[in-house]
Amino acid sequence: MKKPIITLVSILTALNVLTACGGGANPSAKATSDSSAAPSTSAGPVNLTFWHAMGGANEEVVKKVAQTFNDTVGKEKGIVITPVFQGSYGDLMKKVRAAVQAKDVKNLPDIVQSPASETAYMKDIPYVIPAQTLADQDSSFRIADLEPNVVASFSYNGKLIGVPFANSTILLYYNKNLFKEAGLNPEQPPATIDEMGQFAAKLTKKNGKQTSQWGFSGTPDLYHLSSWIGMQGGYIGNNKNGRANTMTAVEFDSNGMMKKFMTEWKKAVAYGGIQTGTETNQNEEFAAGKLAMFVNSTAGLKGVLNAVGGKFEVGTAFLPKVGPDDKGGVAVGGSALYTMDRGDKAKIDAAREYMKYSTSAETQFVWHSGTGYFPVNLKTYDLPDMKAHLDKNPLFKTAINQLHASSPDTQEPMNAVSSEISTAMKEEILAYVNDKKDIDKAIATMTTRINKALADYNRANSKN
């Protein structure tokens, strides 16, 4: 992996791509940066290929959105978009990386959906046209209408890189029936990690040494810590989690926020109702009534409700806080759409039209109501259909209210070694919880591991 990336970054450096936020090496860079360029003409429809990673029911909604575009805006402007499912995000990104490293522009898609964890990589691809560039060329492409937290999630140094599309946050799911059985108020879910631990102990059922029902199940990693550190008002990494400049080191050790989290987490586990360090299918266990609480993406709400199938009443709540006074809220995850410059201005112009369409208030209502991802367009909430939908489906309000109560500064760190960071966090937190290391040693080891991974990557890719 390192050798091809070194080659790519050398090309980027030579062409001063980073200064232009990814646009300088595009095959049709002059056309995309020159707002006075004459519009392209085409003898026939402009055909766009859209790689995505939405499977199952979500894929059907992707197809519905694309077909509606083809039948309306596309028909009017002579554009046809074809969505192509590429498997998981991991599978999709392998194909993107292979084409980029081989400079195989011909086999890149016109539009690609990439997860938030890959933003650091996507911003450095020479063929990516930053969303900011697209919006600056078209006054009807209004970034100001989009959720500020979501815009912050896909921005680097103040410029939007990808167009937010399928976005979510972390959420607490709980079984209201089991709450009642345990003597807990189902309308008052745990507000803090400590409360969650106490509730989990009351919700756990044991038969001798066997546990037939856990109160909570989960092992904290980067996904969880992005919110549990961010809500305390700090960053996981320096340079504002890598959004003001390249992330080169962690900050959670010096700001004390990892220590505060780990202290509260170990206390919660000690109550005896939290299953941690064990890989389980939480959705299945929850739907089967064997798990009372778990945390998962807001985008999973529809799937959870379908799996439960009315067997019990599902509750949703904000992610429990580390401390009762935490005000930072939760980080935004999900994915964004990126326009790839393949040297054809007609396709770039057509891709811009689809970007505008996909983030419009009306399209985002279709996307939200069909999948569970929250709308990225603020004006979606003004639609009568959206108001009626939320009145009928109040559980969806939890994710939206939590998002609007969160700071735009609470974000996942932008870096290219997320897997290494997540593994180090998970393993060192478990070592502390299982009394294999004291808290200071666990944090010091975690810090060393993550900083080394960052340094190795940055050094190999000329980012230091």
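Nothing fancy with the numbering, it's 1 onward along the sequence. Every value quoted in this text rests on a predicted model; they were computed, and no experiment measured them.
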Ring centres under 6.0 Å, that's the criterion: do [X] and [Y] meet it?
X: Phe165; Y: Trp367; result: yes
X: Phe261; Y: His224; result: no
X: Phe312; Y: Phe179; result: no
X: His389; Y: Phe396; result: yes

Does one side chain, of [X] or [Y], offer a donor that lies under 3.5 Å from an acceptor on the other?
X: Ser212; Y: Lys290; value: no
X: Tyr89; Y: Ser335; value: yes
X: Asp71; Y: Gln67; value: yes
X: Asp194; Y: Gln198; value: yes
X: Ser226; Y: Glu412; value: no
X: Ser419; Y: Ser422; value: no

Inter-residue atom distance [X].[atom1] - [Y].[atom2], 0.5 Å rounding:
X: His368; Y: Asp385; atom1: NE2; atom2: CG; answer: 11.5 Å
X: Ser114; Y: Met93; atom1: OG; atom2: CE; answer: 4.0 Å
X: Met196; Y: Met293; atom1: CE; atom2: CE; answer: 6.5 Å
X: Ser418; Y: Tyr121; atom1: OG; atom2: OH; answer: 14.5 Å
X: Asn306; Y: Asn283; atom1: CG; atom2: CG; answer: 11.0 Å
X: Ser369; Y: Gln364; atom1: OG; atom2: CD; answer: 10.0 Å

Within the side chain of [X], is there an N or O that forms a donor-acceptor pair under 3.5 Å with the backbone of [Y]?
X: Asn393; Y: Leu395; result: no
X: Asn245; Y: Asn239; result: no
X: Thr363; Y: Ser360; result: no
X: Gln402; Y: Val330; result: no
X: Asn70; Y: Ile81; result: yes
X: Asn377; Y: Lys379; result: yes
X: Gln232; Y: Trp228; result: yes
X: Thr298; Y: Ala399; result: no
X: Thr192; Y: Glu195; result: yes
X: Ser406; Y: Gly329; result: no

Is there a side-chain contact between [X] and [Y], using heavy atoms and a 4.5 Å cut-off?
X: Phe374; Y: Thr380; answer: no
X: Glu147; Y: Leu403; answer: yes
X: Val65; Y: Tyr357; answer: yes
X: Arg243; Y: Ser155; answer: no

State, to 0.1 Å, how close [X] and [Y] come at their nearest heavy-atom pair, and which atoms those are.
X: Gly218; Y: Gln282; answer: CA-NE2, 3.6 Å
X: Leu390; Y: Lys397; answer: O-CE, 3.3 Å
X: Gly370; Y: Val61; answer: O-CG2, 3.7 Å
X: Ile193; Y: Ala268; answer: O-CB, 3.5 Å
X: Lys347; Y: Leu48; answer: O-CD2, 3.6 Å
X: Leu92; Y: Ala53; answer: CD1-N, 4.0 Å

Can a cation-pi geometry be assigned to Lys123 and Tyr156, taking NZ or CZ under 6.0 Å from the six-membered ring centre and within 45° of the ring axis?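 Yes, a cation-pi geometry holds between Lys123 and Tyr156.
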
Cation-pi check for Tyr127 against Arg342: NZ or CZ below 6.0 Å from the six-membered ring centre and within 45 degrees of the axis, yes or no?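 Negative - Arg342 is either too far from the ring of Tyr127 or too far off its axis.
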
Measure up the His52 and Phe85 rings against each other and bin them: parallel (under 30°), tilted (30 to 60°), perpendicular (over 60°). tilted

Residues at least two apart in sequence or cross-chain that pass salt bridge (charged side-chain N to carboxylate O under 4.0 Å, His left out) with Asp91, listed by chain then number, are none

Decide yes or no on salt bridge (Lys or Arg N to Asp or Glu O under 4.0 Å) for Glu187 and Lys176, but give the supporting numbers first. CA-CA 8 Å; Glu187 305 309 319; Lys176 287 190 173 185; 3.2 Å; yes

Should Ser297 and Ser168 be marked as a side chain to side chain donor-acceptor pair (under 3.5 Å) after you check the CA-CA gap, both sets of side-chain angles, and the distance that decides it? CA-CA 6 Å; Ser297 167; Ser168 59; 3.2 Å; yes

Would Trp51 and Val96 satisfy side chain to side chain contact (heavy atoms under 4.5 Å, CB included), going step by step from the backbone distance to the final call? CA-CA 9 Å; Trp51 284 4; Val96 171; 4.0 Å; yes

Are more than 12 heavy atoms, taken from residues, nucleotides or ligands other than Lys311, located less than 6.0 Å from that residue's NZ atom? yes

Quick check: are there more than 12 heavy atoms from other residues, nucleotides or ligands sitting under 6.0 Å from NZ of Lys95? yes

What verdict does the salt bridge (Lys or Arg N to Asp or Glu O under 4.0 Å) test give for Glu362 and Lys356, after you've listed the backbone C-alpha separation in whole Å, the side-chain angles of each residue and the deciding distance to 0.1 Å? CA-CA 11 Å; Glu362 293 77 12; Lys356 287 193 298 180; over 6 Å; no

Audit row: Val84, Phe50, side chain to side chain contact (heavy atoms under 4.5 Å, CB included) steps and yes/no: CA-CA 6 Å; Val84 182; Phe50 168 31; over 6 Å; no

